[in-house]
Structure formats: C-alpha cells, structure tokens
Amino acid sequence: MESMSKAGIGRFLARQGILIAFAVFIIGFTLANGRFLSPENVMGVVRSSAILGVMALGVTFVVISGNLDLSVGSMMSFSTIVVLDLHDKIGPVLAIPAMFVMTLCLGAFIGFLVGYLKLNSLIVTLGMLSAIHGLTLTYSGGQNMDIADKEGTWFSVFGQGSALGIPVPILIFLLLAALLGIVLAKTPFGRKVYAVGGNGTAATFSGIKRARIVFLCYVMSSFCVAVAGLIQASRSLGSQNTVGQGLELDVLAAVILGGASLLGGSGTIFKTVIGVLILGFIQNGLLLVGLQFYVQFVVTWAIIILAVWLDIAAKRGKLLSTIA
Amino acid sequence: MSDQTPALRLEGIVKTFPGVRALDGVSLSVMPGEVHALMGENGAGKSTLMKVLGGIYQPQEGRIIVEEVPTVMTSPLQAKSKGIVFIHQELSLAEELTVAENIYLGELPRRSFGRVDWEKLYTQTDAILAKLKVGFNAKTIVGDLSIANQQMVEIARALTVDAKAVIFDEPTASLTDAEKVVLFDVISDLQRQGVGIIYISHRMEEIFKITDRISVLRDGSYRGTLETRNTTEEEVTQLMIGRALDLSRNESNHELGDVALEVRGLSCGHMFKDVSFDVRRGEVLGFYGLVGAGRTEIVETLFGLREPSGGKILLDGEEVRISSPADAISKGISLVPEDRKGQGLVLGMNCRDNMTLPQVGELSSGPFVAPGAETAIFDKYKEKLDIRTPGWKQTVGNLSGGNQQKIVIAKWLSMHPKVLIVDEPTRGIDVGSKSEIHNLIRDLAAQGYAVIVVSSEMPEVLHVSDRIVAMFSGRVMRTFTSEEVTEESLIQAISGITATEKVA
Amino acid sequence: MEAGNLSKFLKNGAIWGFIVIELIFFSVAGEFMSLSDKAFMDVDNMLLLLKQSAPIGIIAMGMTIIMVNGNIDLSVGAIFALSAVILLDSLTWTVFAGLGDWVIPVSWALALLTGVGLGAINGFIVWKTGVDAFIVTLGSMLGFRGLVFMYNGETPTSSLNWTLVDFAEAQFLGLHTATWFLAIVTLVMWYLMTRTVHGRNAYAIGDNRDAAVNAGIKVGPHMLINFMIIGFLAALSAVVFYSESGSVNPNDGQLYELWVITAVVLGGTKLTGGAGSIVSTLGGVLAIQLLRKGLGHIGADTSTVNLVIGLILIAVLFLDRQLNTKGKEELKL
Amino acid sequence: ESHSPMRIGITQNNVGVDSYQTTYENAFIAAAEANDNVEVVVLDAGGDVARQIAQMEDLIQQDVDAIIIWPTNGEAVIPAVRKAHSAEIPVIVTNSNIAEAGFDFVSTFSGPDNITQGSRSAEIMCDRFKALGIEDEARVVQISGQPGYTTAIERQKGFDDRLPEVCPNVTLVETQPGDWNREKSQQVMEAFLVKYDDIDGVYAGDDNMGVGALNAALAADRAEGITFVGATNFAVGYEAMERGEYWGSIYQSPVDDAEAALQSAIDLISGEELPFLNYFDTPKITQDNMTEFTKPVF
Ligand SMILES: Nc1ncnc2c1ncn2[C@@H]1O[C@H](COP(=O)(O)OP(=O)(O)OP(=O)(O)O)[C@@H](O)[C@H]1O
Ligand SMILES: Nc1ncnc2c1ncn2[C@@H]1O[C@H](COP(=O)(O)OP(=O)(O)OP(=O)(O)O)[C@@H](O)[C@H]1O
Ligand SMILES: O[C@@H]1[C@@H](O)[C@H](O)OC[C@H]1O
Ligand SMILES: [Mg+2]
Ligand SMILES: [Mg+2]
C-alpha cells in the first residue's frame, strides 16, 4: 500500500514537476505582495507575456525539430518597424499582409539554409540576428517608427483591444497556442517534427522529407514572429528599432523551461506556455517585490535552475543527478 | 568443476522498471575458465541481468558475489575494477576517436602530468589487433569502420585488462563468419587463462560450439542450467519458449509472377559496379557477401539514398529514377535498414508511433492523425511478431534489442510494399521469432510481394531465398538458384575465387 | 594515410581559406575605399589584429573544450565582467596597501580565482543537478551579471594603474602582451586537448556519453574541471584586457558568449560535442576579428556592418560544407 | 602636417541602440559630406569597450588627423586615448565625457551635460507639482536608462540630487531600469501601477522610456493624474506633449551634438584653441514652452 501510493505520488510529480515549481513561485510571490494575484495584475502579466509567448510557440517547433532560432528577436523588430511604417503609407489593411509576407520570406530564407542546405542552425540564425538588424536599420534609417494618427486607427485592436473582457493579445496567444498545440500533437506534420528532431536519419529512412519539415518549422516560427510584431506594433503604435532585441534568449529560456530538449525530439506547446508564464510571472513578481534589478537577476537565476531541476528530479525520482 | 570456487555468482536478482519486472529473482554462477551461455527470448532479461552485473543498473534485491566476496556494483568503473569486462550488445564507442583510444577508453596509459602515453597505447593496441587479425590499425578513426569492424573494436576491449569475467552480449550479431572464427579463438584463449565467460547469443550453432553450460531465462525468471554436452537444441528451445519449434521451411508452391524490380548495370562510385539482377513477384532474392561487399550500398541506392553513377532501375518494366526514400516508398519500395538505432528508430518515441511513422500521413483522417488505426496496426504486429512491451506507449529505447528490431520490421511489413528489402533482418532476434520472421518473409512472397533479403548469415540466406546473389567487392559474382547452391560454392563466390577462375 | 592527411587538412582548412579571402578582399577594397594610405596588410596592422583577437580568443579556447565535452557556457561574458571587477577593485584594497606594485600579481590571482570559482559553480550545478548546461549557464549569465551590479551598483569599477597599463601595452619580440597570452593559452589548450588523458576523455564524453560512462570515465569531475578551465580563461581574458583599460562597466562582456561560440563553431567544433580543434578555433576567432577590422577599414556604416557580418557568417558555413561533402557517393540524408 | 582633405575618425558608443545615436551618425556623415575639405571614417563600438579600444588603435594605425570618441566607458578608454595622444593625434570626446584622469590626453569635450539634464528634469517635475499644489505629498517613480551607461548614471544622479533640494517633501518611491527601451519601460510601469495606488510623477531617463510608461498608464486609465517628465526629447515625446499627455523633457539635438563634435575636430586640426569643456545647451521643454522648439526629427 505504502509503496503504491508513494509510487503514485512519484509518478504524478514526474508528470507535473514544472507545474508544481510554477505553483510554488506563485505562492511565494503572493505572500510577498498581496496584489500579485489580483485579476488586473494577472491579466497584465499574461498580456505582456503574450508577445514573448507567441514567439515561443514557433520556436517550440524549431527546437523540437532539433534546431535553434536566435533570430526571432531581431526579426520581431523588423516586423514591427515594417508594419508601422506601411500603416501610414498603404493603410493597415494592406500593411498587415505585406508585413507577414516579408517576415515569412525571412523565415523561408532561414528554413532554406538550415533545412535544404543543412547549415548549422545556431550560426545561421545568429548570422540572421545580425543581418536582420542591419536590414531594419537600413529600412528605417535607424529612426523610431510611429503611426501619425494614433487615435484614429483601428490597428490598435490587436494590442490594446479586448473581447469578452479579455485583452486581444491574450486571446491571440491562447488561440494560436491551441491551434499550434493541435498541429503539433494531432497532425502528421507534428509527428514528423518530433521524428526529425528525435532522429533525423531514421526520419529520412521513413520517407519523411526532413528538409521540408525543418523548412516549415522556420516558416512557422517566422509566422509567429509576425504575429508578435503585429501585437507589439499595435500595442504601442510606435516602436524603436531594437524592440525585440535580446528576446531570443528569453524565448529560448521559456521553451527550455517548459521542458523541450535542445537536442530535439521533445517538448510540447502546453509546456512552453507554462514556461512563458513562469518567466512572465517571475519578472513581474520580482518587480512587485521591488528588489533592485540586479537582485532580481540573481533570483531569476536561482528560480530558473530550481524549476528545471525540480522538473527533471521528479522525472528521475531522485534529487541528485546520476552523472558519475 | 563443482569443487572449484565460482568466479562469479548472482543470487536472487530482482530488477523492475516502471510497468516491467525485467528480472524476477535470477541466480547464476560462472566458473573460472567456463564459457557460460545465457539464453532466452527477446526481452527475457539477459541484457538487464548483465547490466546489473556490470554496475550499470542497481538491482532492487539480490547479491553479486565475486570470488566468494559479496560485492555491490555501484558503477561500471567499479565493476571494471573488480575484473568484470562488459562487451555491450549495442555498440558503445566514441566514433570520432581512434581505435586505440576506444579500446582503452577510460584507462588510457598515462605519463607524468596526465599525459597520454601514445607509444604504449599504440603498441599495446597493435598487439591486440594482431591477435584479432583485423584489417585496420590502432590509429584508424572508429567512425570510418564498418559496423562489423566496430564490433571487433568492442571485442578488443576484453583483452586489455586482467579480467576475472568477461560478458559478451550478442557479440556476433553483426559479424561475418571469418570474424566469428577470430572471436571464438579469443574466447578460448581467455578460457585457457581461467577467465569466466558469459556468452549471450541467439545462435544455437555457436552456443553448442563454444559453451560449457547454458542457463535459460524466460520472462525475467531463471529456468534452469543445462550442460551443453548433454543437451540438445530442442531441449534448450523448449526451456526458452515453452514449446518445441517448427523449423521447416514454409514451402508454399506458389507461381512466380512478373519481374517486379530489375536492375541493369547499376554502379555507384567505387562502392559497387555493374550490378544486374531481377526479382519477381512471389520471389525471395537473397544477397550474400562479406563485409564491405557493397550489398547495403545497393539497397540504399534502390531506396533513393544514394545517387547511382550509372545503370538503370526498372520497376514493373518501366525505368524509374528514385530520388529519395519518400519517392521510393511512394513507388512501393520498403527498406528495413541494417542499423536499427541509427536508421531504423526514433529512440525517444513510443513503439506505436515508430511503427507507423512512414504511413502517418496516409493513416490520417482529415488533417489529424488517426490513433485508432495506428494502434490497430501496432496490436496486429505486436501479436504477429510477438513483440514484448508493456504497451504501445512504451518508449522504444526501453525495449530489448530484439524487440526493437521487431518494431523496425513491423514498420515496413505494415506498409505492404511491392518490393520489400530487408538488410540483416534478424540481427539480435531470438530463435523463435527468427523462424517466425522467416516464415513471414516466405508468406509475403507467397502473397505476391517481391522480397530482397540481405544477410551475412549463411543459414538464413539459404533458408529463405529462392535465388541468391553472391557479391564480392562491389560486384555480382554469381546468382544461384536454391537448387544449385551449396555452402561451398557460395563461400567460393563471395571470396572472389570465381572471379579469378572466370578470368583464367 | 597521406591522402587522409590532405583531406583532413582541407576539411579543417575551410576557415583558413576564408581568412585568406578576407585578407585579399580587404587589401584590394582598402585601396579604393579606405581613407588611410596604409595597406590593410601592413605588419603593424596584422600585429594589432592578433592583439585585438585576444579577449574573445582566450575565452574561445575554453569554449572549445567545453563544447567538445558536450556542454556549452553562456555565462562567460558575466564571468569576464565579475573577474574584472575583482581585479580592478582589489588593486585598491587597503589590506594590500603595503604591497606597492606587488599588489598586481595578488589582484591577478584573485581575479583568476574568481573565474575558477564561478566556473566551478556552473560545473558543480551541471554535475549534481543534471540540468542541461545550456539552462544552467543561461541562468548564471543573468545571476553572475547580477553579482557584478551588486558589487558596485551601476557605476564602473576603475583603477588605472599605469605600471599595469605599460606592461599590457608592451611589445616583446614584436608581439603585444595580449598576443603572448593568446598564444600561450592556445598552445597549452592545444596540448591539453590533444596530448593529455583529460583532453582525450573530454572528446570521448562529448562523442558518446554512455560509452564513456560504461568505460568508467567519471563524467562529472571532467565537466567540473572543464567549467573551471573556461572560468579561468574568461578571467584571464579579463585580466589581460583590463590591465590595459583599467575600468570595467557592469555591462561589459555582454554578448561575448555569442561571439565566442560563433568563433568556435566557425572553427568546426560540433555543437553536439565530440569533435573540434583548438587550432581551428583560433582560425574562427581571427576570421571574425578580421571581418570587423576589415569592414572598419573600408568604412562600412553600422547597418551595413550588421548585414554583412551576418551574411558572411552564413557564407563561411556554406563554404565549409561544400568543402566537406564527400561528393555524390555520400548518403543523401 | 596639413593634409587636404582632413581625415577624421569617429568611434561611436552604440549606434543601433536608439534613434538618437543613428541620427547622430547620419548627421555626422552629412556634415562631413557637406565639407569638401573633410573625409571621415565612422565606426560603431556596439557598446563594447574592447571593440572601441580596438577601433581607437585602428584609427591611430590609419594615421588620421583627429579622432572623435563617444566613450562606451569614460575610464576604460583612457589608455587608448593616451596612445592617440602619444601618436600626436588630437582626440575630441563627444556626448559623454571621459574621466578626469584622461583629461591630459584629450583636446576638448563637446556634448551635453547629463548631470545638469537630470537636475533640470527634477526642476521641471517640481515646478509642475507646485503648480498643481501637490509639492508636499507627491510621490515619484523613476525609470532609468540602461544600467552601466554613463548617460544613464549621470542623469539619475542629477535627478536624485536635485529633487530633494527643490521639492524636499516629494518622495522618490522606487527606481528601476528601462534599458532605453519603450517596451521594457512599459512593463516596469505596469508593475509600478499595480504596486502603488498613488503615483504623481514619473521621471524617465529618456522620452522613449517616458512614452512607454505613459502607454502603460493610459492602458490602466491612470495617466490623467500623473506628470511625465523625460529627457532627450524624441519625436514621440514631443507629440505626446502636444496631446497634453506628457509634461516635459530636455531638448537635445543629436544633429547639434554631431555637428559640434565635427566642428571641434576641424577647428583643432586647423590649429584653433578651443575651451576644454564645450557643453552645448540642452534647455527645458514643457507643454508651456514647446512652441519655441521644432519637433525633433528622430
Ligand atoms: N530502461 C528500461 N526501461 C524500461 N524497461 C526496460 C528498460 N530496459 C529493459 N527494459 C525491459 O526489460 C525487459 C528485459 O530486457 P532485456 O534488454 O534485458 O532483454 P534481453 O533478454 O537482453 O533481450 P534481447 O535478446 O532482445 O536483447 C524487456 O521487457 C525490456 O523492455
Ligand atoms: N576494405 C574496406 N575496409 C574497411 N571498410 C570498408 C571496406 N570496404 C567497405 N568498407 C566499409 O564497410 C562498410 C560496409 O560496407 P557495405 O555496407 O558495402 O558492406 P555490406 O556488404 O553491406 O556488409 P555489411 O552491411 O554486412 O557490413 C561501408 O561503410 C564501407 O564504407
Ligand atoms: O537619449 C539618450 C541619449 O541622450 C544618450 O546620449 O544616448 C542614449 C539615448 O537613449
Ligand atoms: Mg539484450
Ligand atoms: Mg550491410
């Protein structure tokens, strides 16, 4: 009996390790600041996590397929700047699809390099991080991009609107998460993504067109970036060239925090969403507690490692690793 | 023998994994200078028992006693220090390193300041390699070797230390006959030095040739030990699978159909040249040859994995270009690859999804995968091939070697291809399942499929094939019909002797 | 055997070929586009190139063994900064007031110790928790940076010691002090990785961790030592650089991890571990530094520099792959 | 040694970081192109001291006639500046100054006085509180620039020191960095709004961040009661002032900044004597006097 229930708890923990870590932090922050769990704050955190979150959804595909994408931050800056610029030039109705096309082209280019030419994804996307930044600076002349008539445009709906009492960014994030979650878990394409990341050679031997799958993952990722750029642009109706700078590491951290392995072949959309929320709530929680920003750095360090440690310790049923 | 102290004793070993009781109170003792066979069906627990002995797994219950001293094996390192050497079933090599570094992995000879003593390393290695009569040297990079040669590197490790006991876990699964002879010499050398040897294999003829006693496991429990001299294959099989085995060939007298696949003058760089053959519907065509003869490269070319440099391929009489495995599959060709871990399976994925991977798109209903249909396929082949796993959700990497191989075979059988190619299909498969797979291959032919079987096991090719293509050094030496083939003529053909005769 | 060596050279040679292309390109382009009369390949300029490669280069040598070992270290930039803070701050500690210029070796030692200690923290966590090195060091990249800020707030930590500056700026046999350090580190690390048991085991662990474990190699301590090595080298890089510049901003070293990794991967080290070489890493470092220097030489503006650097990284990778494919005979995977 | 044309090299701090620095770069190049007698090489250190020092060495190696430096770190570049000095190349420091230890090796500084800017922002804030009659109870939060940036440190210092002098009863509740980034600043402000029910003023280290904070307050419907004061008046800040949502800032033109630096270099090469500290004025701008200023182009 005893060993049964022990095993039961063990197995439960093994599945929910990251959720439990999440719960622990929430409780901790709530004790530290009563407003942490207020509806406005929760809503606020989820809303501002939505941008990071949307990008993380796409990167989850890329990571599961066994690759990295460090270009998403700089690509997001590009999308934001482009859509804001075109908004005034050709109007939002055309600006949005135009921006999506341009962003998807960037994604397709990366997908071509990594998928078909089989170039190392870390360097390719690091190179693209820099190249796209250069592109954005050239496009904008390095200037801030702002919509002239901020009051009069319906464009603000994506970032500032709300429907059914829920902010639109959250709706977009959740809908996209549900959609991509289904694609990943329930479609042949999703299955192939896992196979390609788990063992690319075996996937090829199974008749899976590995290059195409990798290509599509990057296109998917750039699509998510475009959505994130849209929300970002709409949220502030103006932007700096550097708006997405540095987000690539946060995005990656969220995906990994959710339990995807950098080696590929594992991870889920649901877990990525948890990873995103953990990061968002940590950042917000620490701000609310009002620690110096550098103390926040140190605490974030501890939390990230603890969360992942708890997650994998639960899976292996032991606190310490088995590494000799 | 019985009044000697055993080199090694295992008592009441219990080891469980989630949902699996892999070992259920197993005991075993090995005498110095004895070759002790460990037999059992795929998934019976042989490798797990050895991993317990080798310090890789910790058992829940039971004791390990080395020369009458109870010992807790906490790590491979410790097992090694107790004189236990483990030659793994799955290759355990660092491919980017040299042969010498691999053989002495973990115990490179040192000079002062932690430097490697290269001279000593290479001379010692070369001495070992000389004993093994292999065609590569100490400085060869392991990744450049064929699987068979990599297996020889693995075996060479047994000769580096003063071992009390050496465990060979299916060492011959990817060796050809010549290498097997060398291995058996090595084993008898060790035996003479008083080393206790545990030898795991599914090949009866080997077991009866080299072992002294045979212990049998079934479903994780110990079934008994037999003196090799005083027992028979039937008795062992009976103990292993609980019934007698029907080894007769499934001779359905079906008509051969049209030529399904025809290959004319096919070449690929220096790997094979001017290869021609054909396979009819209803026919099993065997390919036999030495390591490096180019058989695998031929079938890889047929499967769209290599670009031929000349010649043509005809399917149903029409010339085709096969650009990729996806293309091959759509044209009705399937390939069971020779390297199950590297090419056959996504180890982190579950059994069912691995099995249905090539057809996941076809099985889908609307935009979604169809778990029901997939599970049905899984259940069917689990039954048909007797795959031992707690359920379809089990991660393939957790299956025993033989059961993994069965998943790979099922994966391609379930595609119902026009031309089925199997490369070393029964590597690591137990006797019972092996004859089951051979019967399946014959059945498929009877149903009108064209089948190509590449194998390095002569009994296997002889048993399943209607005709046999003998290859030597990238060329077809001769094609035999099952009536005309003899073991001698086949060996001659694959050694290139026919070639010189023809020239002369 | 000889054919093998040649093909091996060609394999590892891609990066050197690229360096030659860079040199030719910038020399020619410089004739038209540079406002300087001096040639790009002027000896002094090339000596400077070596010196300027030192900060990234010294760390890259450590990253090579870390990556060969199958790990990664994203915290090197923060270790670099924190060691620099200790170096410069300790120069002024009153306890050492009596030492005169002898405080210099003491401060160096303290800084190096800091690096080793931080590396040990990373290594220890990776070893004992089993959390992937990527996550652990992504975390400590933030955490160590936090410590830098905690130490001295937002303000730079400074201590301009002219004896130190003169030493750092000196040239011996034509080479700058920093270049000597880079050269020695390269040599020592090359020796470590190709000639010692520890180095060879690092390859084995990165190549096939299970095989290494089965062979009784102690994976944990090896990783710990390698993290200590890279910590040491990040600190050494700081020691060499800040001896000359005398002041560290709490932000310094940011993005170093990315440039270091880029250099290492350009040199051909596998991200998955098991393969890589110190000499090729040196090639990767020089190639990147040359690119920056060359673009400056021909006066490219910021957006062009970003664009070009990015695309060229990709081009090098492409070139490298073209040189490395065995041709048509290879399996099409 | 009179070359013609004069060859001037500049190494900037971090051009990509915001439109101030890009506008500076563009203005600098434009000014040089307008002058036939000048050729320039423009380098960007990307915020990295090591890269900046390397660029100094390269410029010395190229034997330019003058070097302009926008220091990434006012102390770390001193030895590099000394090298230029020994090579007899005059050095002009621009935008943010180097530390005193380096003054010996520098010919002149040209740029804004960031400490004064900080104090002026404090004064703008205080004056506004007085006008609103809340100078005895007002509570202020601060969003500072990127940690470690000289400009950020100096503006914060100026503000922190001056505010209690002019408005002793105003409380500065909390300071968090916004990294010169509108979005980051918006998040920081969102947290402030949750945490504090009563916020009367926000001081941001530049207008990009100020507008980010404003956006957060607008979204939470709390912008009405808050006085926003920034620095470096960007076009976004100017527009927000026009709309009446943003109170004031410091007017600072990157074009003036760049032109002043270039002119100083030209003057030096031509042998003119220049005052050592060449601050250009950065006046206060508020809703009240903004019509006196043209809208910033950046
Ligand atoms: N790590 C593991 N996790 C879960 N189950 C495992 C694990 N390792 C082995 N098993 C299970 O334990 C049982 C025994 O496996 P083992 O590998 O010992 O079989 P074996 O006798 O060596 O078979 P084969 O002849 O196929 O190699 C199998 O059912 C296998 O699926
Ligand atoms: N002379 C040789 N020495 C060493 N390796 C060789 C030699 N010839 C071929 N090889 C390598 O051996 C491997 C096996 O060759 P190949 O696949 O052609 O043999 P095979 O006939 O399929 O035999 P098997 O698959 O049973 O090893 C190939 O990777 C090939 O590169
Ligand atoms: O506004 C700031 C500007 O004044 C400073 O000089 O550089 C950073 C900018 O964001
Ligand atoms: Mg086994
Ligand atoms: Mg083969």
Side-chain angles (χ1 to χ4, degrees), chain B residues 51 54-56 75-81 86-88 90-98 100-111 113-118 121 137 139-144 154 157 268-271 296-297 300-301 303-309 323-325 343, chain C residues 1-5 7-8 11-12 67-70 188 190-222 225-226 229 268-277 280 325-333:
Chain B
K51 285 180 184 168
I56 295 168
S75 70
L77 183 63
Q78 199 216 2
K80 214 168 171 182
S81 72
F86 194 166
I87 312 301
H88 290 264
E90 308 293 344
L91 290 170
S92 184
L93 299 168
E95 297 201 345
E96 306 268 354
L97 299 189
T98 62
E101 287 176 294
N102 267 285
I103 293 177
Y104 284 92
L105 203 61
E107 48 199 1
L108 294 173
R110 283 168 192 265
R111 294 165 65 195
F113 306 112
R115 286 174 300 163
V116 178
D117 189 341
W118 295 104
L121 176 68
N137 66 36
K139 293 181 186 169
T140 311
I141 300 294
V142 163
D144 293 341
E154 187 89 53
R157 287 174 172 168
C268 182
H270 66 272
M271 281 180 275
T296 295
E297 281 81 355
E300 281 168 350
T301 309
F303 198 54
L305 282 157
R306 290 178 189 276
E307 194 66 47
S309 52
S323 61
S324 68
Q343 305 168 330
Chain C
M1 218 35 236
E2 287 194 347
N5 279 340
S7 77
K8 212 169 173 176
K11 250 187 183 176
N12 303 331
M67 287 173 64
V68 161
N69 198 182
V188 170
W190 172 80
Y191 193 84
L192 179 76
M193 293 196 66
T194 57
R195 295 288 186 271
T196 69
V197 174
H198 177 81
R200 301 317 293 170
N201 283 350
Y203 278 96
I205 293 168
D207 190 336
N208 185 340
R209 183 133 145 201
D210 286 337
V213 170
N214 287 342
I217 293 175
K218 288 191 171 150
V219 173
H222 275 87
I225 290 173
N226 290 336
I229 290 176
T269 296
K270 274 209 232 165
L271 276 165
T272 45
S277 100
S280 303
T325 39
K326 291 174 193 134
K328 279 190 168 175
E329 290 169 15
E330 223 182 359
L331 264 186
K332 297 189 284 183
L333 286 174

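Quick caveat, the model's predicted, so the values are computed rather than measured.
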Give a yes or no on whether the backbone of [Y] and the side-chain of [X] come within a donor-acceptor separation of less than 3.5 Å.
X	Y	answer
C:Tyr191	C:Thr196	no
B:Asn102	B:Leu93	no
C:Asn226	C:Ile229	no

Do you know which of B:Phe86, B:Trp118, B:Phe113 has the most heavy-atom pairs with chain C at a distance under 4.5 angstrom?
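Ranked by heavy-atom pairs under 4.5 Å with chain C, first place is B:Trp118.
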
Counting heavy-atom pairs under 4.5 Å with chain C, which one of B:Ser92, B:Gly304, B:Gly54, B:Gly106 comes out on top?
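Answer, by heavy-atom pair count under 4.5 Å with chain C: B:Ser92.
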
Quick check on [X] against chain C: is it the side chain, the backbone, both or neither that has a heavy atom closer than 4.5 Å?
X	value
B:Leu105	both
B:Glu95	both
B:Glu300	side chain

Those residues that, when tested against C:Asn208, pass side chain to side chain contact (heavy atoms under 4.5 Å, CB included) (two or more places apart)
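C:Asn208 satisfies side chain to side chain contact (heavy atoms under 4.5 Å, CB included) with C:Asp210, C:Ala211 once adjacent residues are dropped.
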
Hey, could you give me the CG/NE2 distance between C:Leu192 and C:His198, rounded to the nearest 0.5 Å?
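If I round to the nearest 0.5 Å, the distance is 5.5 Å.
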
Pick from C:Ala212, C:Ala204, C:Gly206 with the largest number of heavy-atom pairs that fall under 4.5 Å of chain B:
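Among the listed options, the one with the most contacts to chain B is C:Ala204.
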
